[in-house]
Amino acid sequence: MAKIITVQKGTKDILPTEIDSWHFIEETAKRVFSNAGYKEIRTPIFEATELFARGVGDTTDIVNKEMYTFEKSERSLTLRPENTAGVVRSYIENGMHRLPAPVKLWYKGPMFRYERPQAGRQRQFHQVGMEMFGIAQPTADAEAISLAVNYLNAIGLKDLDVEINTLGCPTCREEYKKKLKEVLKPYLPELCPDCQKRYEKNPLRLLDCKVEECKAIYEKPVVKEVITSDFVCPECHEHFESVKKYLNVLGIKYSVNKLLVRGLDYYNRTVFEIKSNNLGSQNAVCGGGRYDSLVRNLGGEDTPAVGFAMGMERLISLLPARESQKLDAYVVSTNVEETLKLVEYLRKNDIKVDFDMTNKKFTKQLEKASKLARFALILGEDEINQGTISVKNLANSEQISVQKEELGGILKNVK
RNA sequence: GCGGGUGUCGUCAAGUGGUUAAGACCUCGGAUUGUGGUUCCGAUAUACAUGGGUUCGAAUCCCAUCAUCCGCCCCA
């Protein structure tokens, strides 16, 4: 036997036994997003490497160590690690700023990050998400969060925690970072190596370190005072208050998590995550926020925007497995010609039907029918002579004799 | 990149140094040439991740490699 080639590390086949769950969450996404005025957009799965370096941010782990990058004809290309940068690129390139605002887009598809796989994390995974361009008002933030919650509810997920925070604007955030670094400076030698790196690169991310020694430092009154201070400027404060007010109006339960900073550089003001307690340590099912400077940074008009992305594998792992659909009917007959004609007729009428191509014995065919279908359509000599078909309900063994034209009604109505 | 666990048929799984490596499920065939889902019988012609080593003898002990799972970092 030739050597077997296996799937690559961190990638998975989505098998026929699971595909119904995928169809379900994809169809629900299409319905929920389009009800809110969103149109689907499909962008390429690879882009210029520079798009992600500039868009996602070159201090982030995603860009630093997780990108699938390859060279082709002296171009550096990268498999998309997330889709916001690509959608923004398309928005700019296609002049969508001329469309009436807001421009509301949603997407689904594979993303790629070169990481060690573990529970809830793969190298190729799938996200469904949305981006809304052109609205600076907090109503957009609230809509994004409510859309995420509505979608999760629509696929049947209820016990989820919504966490929100505000990062302020570039001006007040710089101020905050400065204060944070100041108060932490005396403790710098005591911090874990990761935190020492974060101290230089992205002080905001110091805050959700899990190392006990670091946590203890962040709990010290002098430090905690800075962390929990409402550092944002009056405008940002007002914006965040409105977002919370709208969430209350919408009846969305949330908690404010001052430690929530997100790992991508482009966010400002509102950020949010939705988490599940049933996922192991990779417990975020949704992450998003506002990114008002990304469009400009990627060469477009100054355009405010908000968006989120959800991990589809994580969603599916929280859903009960869906039983795969049986066929409506299976033809049981030893007369090949009549079988072919009947199958053709039924398929054209949108009945899910199959038959035995090897012309096995009657009992074998019926056995197969009981495994694969809800009804057996028995087409034997008697039936052919009389121009009828015997329809056997395989769940309760009831059998009736009908005309071909009656089949559609019977097979579609009785579920 | 770092730490830990695990690799026996398509799937689940017994076996922890001694002749042909249990069993169950699935699949296929037969009992049963027009009535299935129950039952019975049989088959899947070289399944112990791979390569070394220890031993009279290894699925079992040791080493390495590979794969996979879980955790850290980070994230969906």
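So that the names make sense, note that chain A is the first sequence line, chain B the second, and so on, each numbered from 1. For the numbers below, each heavy atom of this structure counts, side chains included, while hydrogens, waters and symmetry mates do not.
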Margin query: For a quick check of understanding: with a heavy-atom distance under 4.0 Å over all strands, which category does A:A395 fall into, base, sugar-phosphate or nothing?
Written below: base
Next item on the list: Would you kindly check whether a donor in the side chain of A:K65 faces an acceptor in the base of B:C73, or vice versa, at under 3.5 angstrom?
Entry: yes
Notebook entry, point to check: If only side-chain N and O atoms of A:K361 are considered, is one of them under 4.0 Å from the OP1 or OP2 phosphate oxygen of B:A31?
Noted result: yes
Margin query: I need the CG-P distance between A:L394 and B:U38, as an integer number of Å.
Written below: 13 Å
Next item on the list: Can you tell me, in whole Å, how much space there is between the C1' of B:U55 and that of B:C62?
Entry: 12 Å
Item checked: Pairwise P distance for B:A58 and B:G51, with rounding to whole Å -> 15 Å
Next item on the list: Mind calculating the distance between CG (A:N283) and P (B:A76) to the nearest angstrom?
Entry: 12 Å
Next item on the list: Remember a base hit wins even if backbone is also touched, and classify A:E66 as base, sugar-phosphate or nothing at under 4.0 Å, heavy atoms.
Entry: sugar-phosphate
Notebook entry, point to check: For atom C1', what is the distance between B:C9 and B:A24, given to the nearest Å?
Noted result: 13 Å
Notebook entry, point to check: Which value, in whole Å, describes the distance between the C1' atoms of nucleotides B:A43 and B:C25?
Noted result: 16 Å
Note to self: Under 4.0 Å, heavy atoms only, any strand: does A:E82 hit a base, just the sugar-phosphate, or nothing?
What the structure shows: nothing
Notebook entry, point to check: Are the charged groups of A:K275 and A:E163 less than 4.0 angstrom apart, N to O?
Noted result: yes
Notebook entry, point to check: Quick one: is A:S281 getting a side-chain N or O under 4.0 Å of the B:G71 phosphate, OP1 or OP2?
Noted result: yes
Checklist line | Any donor-acceptor pair under 3.5 Å from A:D356 side chain to A:N359 backbone | finding: yes
Note to self: Less than 4.0 angstrom between a side-chain N/O of A:S390 and OP1 or OP2 of B:U35, yes or no?
What the structure shows: no
Item checked: Nearest-angstrom distance from the residue atom OH of A:Y330 to C1' of B:G37 -> 15 Å
Notebook entry, point to check: Quick one: the side chain of A:E273 and the base of B:A76, do they pair up donor-acceptor inside 3.5 Å?
Noted result: no
Notebook entry, point to check: What interatomic distance, in whole Å, is found between P of B:C26 and the corresponding atom of B:C41?
Noted result: 15 Å
Next item on the list: Name all stems that contain residues of RNA chain B, defined as runs of 3 or more consecutive Watson-Crick or G-U wobble pairs, both distances under 3.5 Å.
Entry: B:1-7 with B:66-72, B:10-12 with B:23-25, B:27-31 with B:39-43, B:49-53 with B:61-65
Checklist line | Donor-acceptor pair, side chain of A:R314 and main chain of A:A284, under 3.5 angstrom | finding: yes
Margin query: Tell me whether A:Q122 contacts the main-chain N or O of A:Q124 through its side chain, where contact means a donor paired with an acceptor under 3.5 Å.
Written below: yes
Next item on the list: With RNA chain B as reference, determine whether A:Y114 or A:A309 sits nearer its 5' end, using the nearest nucleotide of each.
Entry: A:Y114
Note to self: Could you tell me how far B:A31 sits from B:G37 if I compare only their P atoms? Round to whole Å.
What the structure shows: 14 Å
What's touching nucleotides 65-68 of chain B from the protein side, N or O pairs under 3.5 Å?
from  : atom 1 : to   : atom 2 : distance (Å)
B:U68 : OP2    : A:K9 : NZ     : 3.2

Notebook entry, point to check: How close or far is atom C1' of B:A76 from atom CH2 of A:W22, stated in whole angstroms?
Noted result: 11 Å
Notebook entry, point to check: In whole angstroms, how far is the P atom of B:G34 from the CZ atom of A:F362?
Noted result: 7 Å
Item checked: Closest-nucleotide ordering on RNA chain B, the 5'-leading residue of A:R121 and A:K360 -> A:K360
Notebook entry, point to check: If only side-chain N and O atoms of A:K368 are considered, is one of them under 4.0 Å from the OP1 or OP2 phosphate oxygen of B:C28?
Noted result: yes
Check: Is there a residue in residues 337-346 of chain A whose heavy atoms reach under 4.0 Å of RNA chain B, and which residues are they?
Finding: none
Item checked: Qualifying residue, where the test is salt bridge (charged side-chain N to carboxylate O under 4.0 Å, His left out) with A:D354 and the options are A:K326, A:K371, A:R347 -> A:R347
Item checked: Under 3.5 Å donor-acceptor, A:T388 side chain and A:Q403 backbone -> no
Check: Does A:K185 come within less than 4.0 Å of A:E182, counting only side-chain N to carboxylate O?
Finding: no
Check: Does NZ or CZ of A:R113 lie under 6.0 Å from the centre of the six-membered ring of A:F125, at an angle within 45° of the ring axis?
Finding: no
Item checked: Between B:U27 (C1') and A:L372 (CG): distance, integer Å -> 12 Å
Margin query: Would the base of B:U35 count as contacting A:K392 through its side chain, where contact means a donor and an acceptor less than 3.5 Å apart?
Written below: yes
Check: When we call it a touch if two heavy atoms are under 4.0 Å apart, what does A:G129 touch: a base, just sugar-phosphate, or nothing?
Finding: nothing
Check: Taking A:R262 for the side chain and A:E273 for the main chain, is one N or O donor matched with an acceptor at less than 3.5 Å?
Finding: no
Next item on the list: Let me know which of A:I252, A:I145, A:T139 forms a side-chain contact (heavy atoms from CB on, under 4.5 Å) with A:Y246.
Entry: A:T139
Note to self: Taking A:K104 first and then A:E143, would you say they form a salt bridge - that is, a charged N and a carboxylate O separated by under 4.0 Å?
What the structure shows: yes
Next item on the list: Could you tell me whether A:R262 contacts a base, only the sugar-phosphate backbone, or nothing, with contacts defined as non-hydrogen atoms closer than 4.0 Å?
Entry: sugar-phosphate
Item checked: Atom pair distance, as rounded to whole Å: CZ in A:R123 and P in B:C74 -> 19 Å
Notebook entry, point to check: Which part of the nucleic acid, if any, lies within contact of A:E115, taking any heavy atom under 4.0 Å across all strands shown: a base, the sugar-phosphate backbone alone, or nothing?
Noted result: base
Item checked: Gap between atom CD of A:Q282 and atom OG of A:S276 - 0.5 Å precision -> 12.5 Å
Check: If only side-chain N and O atoms of A:Q118 are considered, is one of them under 4.0 Å from the OP1 or OP2 phosphate oxygen of B:G71?
Finding: yes
Check: When the aromatic ring centroids of A:F33 and A:W106 are compared, is their separation below 6.0 Å?
Finding: yes
Next item on the list: Using a 4.0 Å heavy-atom cut-off across all strands, classify A:A369 as base, sugar-phosphate, or nothing.
Entry: nothing
Margin query: Check A:E175 with A:R173, please: is the shortest side-chain N to carboxylate O separation under 4.0 Å?
Written below: no
Check: A:I378 near the nucleic acid: base, sugar-phosphate alone, or nothing, with a heavy-atom cut-off under 4.0 Å?
Finding: base
Note to self: Is it the case that the base of B:G34 and the side chain of A:E383 share a donor-acceptor contact (distance under 3.5 Å, atom types as modelled)?
What the structure shows: yes
Notebook entry, point to check: Rounding to the closest angstrom, what is the interatomic distance between B:U11 and B:C70 at atom C1'?
Noted result: 22 Å
Next item on the list: Side chain of A:A119 only, please: which of B:U35, B:C74, B:C70 is the nearest?
Entry: B:C70
Check: When the distance from OH of A:Y151 to C1' of B:A76 is rounded to whole Å, what number comes out?
Finding: 13 Å
Next item on the list: Pick the P atom in B:U27 and in B:U60, then give their distance to the nearest Å.
Entry: 33 Å
Check: Is it the case that A:K368 places NZ or CZ above or below the six-membered ring of A:Y330, under 6.0 angstrom from the centre and within 45 degrees of the axis?
Finding: no
Item checked: Distance-only donor-acceptor test (3.5 Å): side chain A:Q282, base B:C74 -> yes
Check: Should the pair A:E344-A:K341 be classified as a salt bridge under the 4.0 Å nitrogen-to-oxygen rule?
Finding: no
Check: Below 3.5 Å, does any donor atom in the side chain of A:E367 face an acceptor in the base of B:U35, or the other way round?
Finding: no
